[in-house]
Amino acid sequence: GIIIDNKVISGFNYAGGELGHIVIEVDGVPCGCGRKGCWEAYSSATALIRMTSEKLAECEATGRKTVMADMVAAAGKVSGRTAFDAKRQGDEAGAEVVAKYVHYLAQGLSNIINIFQPEVLSIGGGVSHEGDRLMEPVKKLVREQVYTRSIENLPQTEVKLAELGNNAGIVGAAMLGK
């Protein structure tokens with residue numbers, strides 16, 4: 001969401017602020033909103049699960065070994081943690097999924113920064129549990145992509161984990177109901 005001067009920006013029709021529906025991949029994968037290539041379709045937990053499943057299918061088709069296959073067999077499903085857990089174990093296929101996910105996440109964050117130049121941009125949700133393993137590569141890519149990167153003495157947007165982690169949305173909704 002977008003908060004300016006402590007007010008949630010929702011547009012004249014209360015449907016605004018859905019930043020996940022900016023297109024970052026023209027004619028990309030379908031999004032739940034009916035468009036193709038939305039940021040949400042590339043950097044949500046659902047997107048991470050899809051990308052992991054696609055990589056697993058690719059590995060199976062080519063005979064490539066991946067720790068992720070064993071993880072999924074043991075758990076009975078692909079989760080948003082599968083690729084990150086596999087990467088931590090040195091799995092190349094897992095690392096490729098994480099790199100792709102981080103790329104798209106940073107691409108969208110950079111777009112938001114370039115549009116709004118916010119003081120702080122917070123990342124929440126389940127993936128926020130990855131902490132620095134997620135944030136360090138994301139911050140590096142964002143620094144490379146924002147147009148203000150080369151303007152000396154200009155404050156830069158702080159990209160950080162939401163202090164409430166995966167509970168940020170529900171706490172925010174409760175605060176609005178006051």
Side-chain angles (χ1 to χ4, degrees), residues 1 18-115 121-146 149 157-170:
E18 288 290 336
L19 300 175
H21 296 292
I22 59 171
V23 172
I24 60 167
E25 189 72 52
V26 175
D27 297 323
V29 298
C31 179
C33 75
R35 297 177 77 199
K36 290 183 177 179
C38 290
W39 185 28
E40 186 170 303
Y42 287 89
S43 62
S44 62
T46 303
L48 184 55
I49 291 168
R50 185 196 78 248
M51 286 187 258
T52 303
S53 297
E54 290 169 352
K55 182 59 76 172
L56 281 164
E58 175 190 309
C59 288
E60 185 177 329
T62 61
R64 182 179 180 195
K65 300 290 183 201
T66 174
V67 171
M68 293 190 298
D70 298 332
M71 292 175 159
V72 171
K77 66 177 183 169
V78 175
S79 78
R81 301 185 99 143
T82 303
F84 279 94
D85 289 346
K87 179 185 177 191
R88 271 192 290 286
Q89 292 184 32
D91 186 68
E92 286 184 27
E96 290 166 9
V97 172
V98 170
K100 184 176 182 179
Y101 178 81
V102 164
H103 165 80
Y104 282 117
L105 180 58
Q107 183 71 35
L109 293 172
S110 299
N111 286 339
I112 300 308
I113 291 168
N114 287 339
I115 293 167
L121 209 156
S122 297
I123 298 173
V127 75
S128 66
H129 294 296
E130 290 300 324
D132 287 342
R133 290 181 297 270
L134 172 70
M135 294 305 292
E136 291 310 313
V138 165
K139 287 178 182 181
K140 180 182 181 298
L141 289 173
V142 167
R143 278 192 301 272
E144 293 170 0
Q145 294 179 33
V146 295
R149 69 189 169 277
T157 298
E158 178 185 3
V159 179
K160 66 180 204 169
L161 293 174
E163 292 175 9
L164 298 173
N166 204 24
N167 293 327
I170 197 161

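Residues take their numbers from the sequence shown, with the count starting at 1.
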Closest non-hydrogen atom pair, V97 against A83: CG1-CB, 3.6 Å
Gap separating the NZ atom of K77 from the CD1 atom of I49, nearest 0.5 angstrom: 7.5 Å
From T66 atom OG1 to M71 atom CE, the distance as rounded to the nearest 0.5 Å: 8.0 Å
Closest heavy-atom pair and its distance - C38, G20: CB-O, 3.4 Å
For R143, side-chain contact (heavy atoms from CB on, under 4.5 Å) partners two or more places apart: K139, K140
Atom CD of E92: over 12 foreign heavy atoms under 6.0 Å: no
Name of the residue among T157, V159, L105 meeting side-chain contact (heavy atoms from CB on, under 4.5 Å) with V142: V159
Nearest-0.5 Å distance that lies between atom CD in E163 and atom OG in S122: 7.0 Å
F84: ring pair (Phe, Tyr, Trp, His ring centres under 6.0 Å) partners, not counting sequence neighbours: none
For A47 against A41, the heavy-atom pair lying closest together: CB-O, 3.2 Å
Closest non-hydrogen atom pair, G28 against Y42: CA-OH, 3.2 Å
Side-chain heavy-atom pair L109, I123 within 4.5 angstrom cut-off: yes
Interatomic spacing from OG in S128 to NZ in K160 - rounded to 0.5 Å: 12.5 Å
Side-chain heavy-atom pair L19, I115 within 4.5 angstrom cut-off: no
Charged N-O contact under 4.0 Å between K87 and E130: no
Closest contact, heavy atoms only, L56 versus A69: CD2-N, 3.5 Å
Option passing side-chain contact (heavy atoms from CB on, under 4.5 Å) with K55 (candidates R50, E60, R64, K100): R64
Pairwise side-chain contact, I112 with I22, heavy-atom cut-off 4.5 Å (strictly under): yes
Value rounded to 0.5 Å, distance of OH in Y101 from CE in M51: 7.0 Å
Validation row: E40, R35 side chains within 4.5 angstrom (heavy atoms): no
Contacts of D70 that satisfy side-chain contact (heavy atoms from CB on, under 4.5 Å) - sequence neighbours left out: none
Closest heavy-atom pair and its distance - A86, M68: CB-CG, 3.3 Å
Heavy-atom side-chain contact between L48 and Y104 under 4.5 Å: no
